[in-house]
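Each chain gets a letter, A, B and so on, in the order the sequences are listed, and its residues count up from 1. Heavy-atom basis, side chains included; hydrogens, waters and symmetry copies ignored.
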Amino acid sequence: MTNFADLGLSQKVLSAVADAGYATPTPIQAGAIPPALQRRDILGIAQTGTGKTASFVLPMLTLLEKGRARARMPRTLILEPTRELAAQVAENFDKYGKNHKLNIALLIGGVSFDEQDRKLERGADVLICTPGRLLDHCERGKLLMSGVEILVIDEADRMLDMGFIPDIERIAKLIPFTRQTLFFSATMPPEIQKLADRFLQNPERVEVARRSSTAITVTQRFVASHAKDYEKRAMLRDLIRSQDELKNAIIFCNRKKDVAELFRSLDRHGFSVGALHGDMDQRSRMTMLANFKDGNIKLLVASDVAARGLDIPDVSHVFNFDVPIHAEDYVHRIGRTGRAGRSGASFTIVTKRDVKFSDAIEKLIGQKVEWLSGDLSELPEPMESHENGRRGRDGRRDRKKDVERSGRDRAEHKADTAHSDSVAELESVVERVVAVKPERNAENKHSQAGRNNRPGRAQTPANDDNRDRRGRNRRDHDDGPTPLGFGDEIPAFMLIAGKA
DNA sequence: AAAAAAC
């Protein structure tokens, strides 16, 4: 078995890798690092979770030890499809480049331009970019691309999906033809192959076994539900509460507006929850992700921005609130759990109108997914009103529970009818969650003190949109300090760990 | 029936 020390990496890099606790390279690393160090072009076919990022970060660090950056002339350039992925690559440079004195510049949208410009002025060894912001800097004449020695195109197939290829071509034209190019893609459809042929010269092709279907360590279940959103939400809450070993979970919705809505609902029901989608401001996106990774937030409601590539180790559960329209996205979504051989669980809520999509999923993964407690044909009648309580499925619920539930349904009804899909409002709630996070525990969770403690954006005009027309935070008037009174019902693991 | 990305 190969060892990192056998790949030709520098001492500085090797010592940082050892400090990070890695001894053995993954197949993509073992295959790509030696030729990359010899300045060969690389065509890497690998999914995230295979150690792909380090397979270009480590050789780049070694190669960058020779030479120095000049003002406005970056030496290397990495293109990523989403801001979060770009930030994640930057973190890798910090981790493995801790023994180097390299200037790393992260050029992504949604954050201040000036700070990025100052970094470019100082001379960047590594630029990590989303295409739009990079082109923006180029068009302002702030960047000279003629000094770029290494170009990395990551997640090429996803760039294609997202319509970034014209931008990538424009950027590539600005970079000298003598450069070294490292090109990565999870799949190799004909368009991507054509692109690779144009961008790469005599590349070393490194392919690691594609995770064609879902990891066997992930338990997958379909859960039948009626299509009404409040019924799906009730179903989801029941599911979450019934999990014995839920450490943390990502809950996927198909639409941004549903992310916002579901987030609000779970928050009102007292869950430790965050949200992530592309219309949220960048600071909230970053904070949410960091808090979820750190375990400060147990549930993350997300759009497919979080489906691919994000390195969140050890997610115990994935819930699909909506069945993904494209079956491939299902594989990516549930791939967020059961990583590195760990076990994971995934639940997908399926309604009658989703059947063609759930069928497509089973076809793609080549297996039938078991139903949790009866398929759609066994689904009980929908509840007629909230006051009746939900009819138990297969008599699972006793009467006492139903009584308890009718009160809860009233609360749910209230929460749901006070409905709003405003992104600004979601962000307002995000602010609150983030603001109270460190001190938050079972006791102060709903306290006014925590609620009104909001640092940061209060002065900016944008934040005014986050308040309602009466100039106060919407949440402050719609329910009391203990809005839903679940008390002991919330499992301990769902609460923010104030005690730990 | 969607999401993502520049201002």
(request) Examine A/Phe252 together with A/Phe319 and report whether their ring centres are nearer than 6.0 Å. (result)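 No.
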(message) Counting the benzene-type ring for Trp, do A/Phe357 and A/His326 have ring centres under 6.0 Å apart?
(response)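 Centroid distance A/Phe357-A/His326: not below 6.0 Å, so no.
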Rounded to the nearest angstrom, tell me the gap between atom [atom1] in [X] and atom [atom2] in [N].
X	N	atom1	atom2	answer
A/Leu289	B/dA4	CG	P	14 Å
A/Lys232	B/dA1	NZ	C1'	11 Å
A/Asp114	B/dA6	CG	C1'	15 Å
A/His277	B/dA2	NE2	P	15 Å
A/Ile168	B/dA6	CD1	C1'	14 Å
A/Leu79	B/dA5	CG	C1'	13 Å
A/Ile171	B/dA6	CD1	C1'	11 Å
A/Glu139	B/dA6	CD	P	12 Å

Give the nucleotide from the list [options] with an atom nearest to the side chain of [X].
X	options	value
A/Arg255	B/dA6, B/dA2, B/dA4	B/dA2
A/Ile325	B/dA3, B/dA5, B/dA1	B/dA1
A/His326	B/dA6, B/dA4, B/dA2	B/dA2

(message) Going by side-chain contact (heavy atoms from CB on, under 4.5 Å), name the residues that satisfy it together with A/Lys119, two or more places apart in sequence or in a different chain.
(response)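 Here the qualifying residues are A/Ala105, A/Arg122.
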Closer than 4.0 Å, any side-chain N/O of [X] to the OP1 or OP2 of [N]?
X	N	value
A/Arg140	B/dA6	no
A/Thr130	B/dA6	yes
A/Ser303	B/dA4	yes

(request) Check whether any side-chain N or O of A/Thr181 sits under 3.5 Å from a backbone N or O of A/Leu200 as a donor-acceptor pair, and report yes or no. (result)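 No: the side chain of A/Thr181 does not pair with the backbone of A/Leu200.
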(message) If we ignore hydrogens and angles and just use 3.5 Å, is the side chain of A/Gln29 paired with the main-chain N or O of A/Gly51 as donor and acceptor?
(response)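 Judged by distance alone, yes, a pair lies under 3.5 Å.
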(message) Short of 4.0 Å, heavy atom to strand atom, which residues of residues 348-363 of chain A count as contacting DNA chain B?
(response)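 Going residue by residue through residues 348-363 of chain A, the ones with a heavy atom under 4.0 Å of DNA chain B turn out to be A/Arg353, A/Asp354, A/Lys356, A/Phe357.
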(request) Assign A/Arg285 to base, sugar-phosphate, or nothing according to its heavy-atom contacts below 4.0 angstrom with the strands shown. (result)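 Result for A/Arg285 = sugar-phosphate.
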(message) By the 4.0 Å heavy-atom rule, please label A/Gly163 as base, sugar-phosphate, or nothing.
(response)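 It contacts nothing in the nucleic acid.
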(request) Kindly confirm or rule out a cation-pi arrangement of A/Arg118 over A/Phe113, judged by NZ or CZ under 6.0 Å from the six-membered ring centre and within 45° of its axis? (result)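 Judged by the rule (NZ or CZ under 6.0 Å from the ring centre, within 45° of its axis), A/Arg118 is not positioned above A/Phe113.
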(message) Run the ring-ring contact (aromatic ring centres under 6.0 Å, His included) test against A/Tyr96 and tell me which residues pass, sequence neighbours left out.
(response)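 Partners of A/Tyr96 by the ring-ring contact (aromatic ring centres under 6.0 Å, His included) criterion come out as none, since no residue qualifies.
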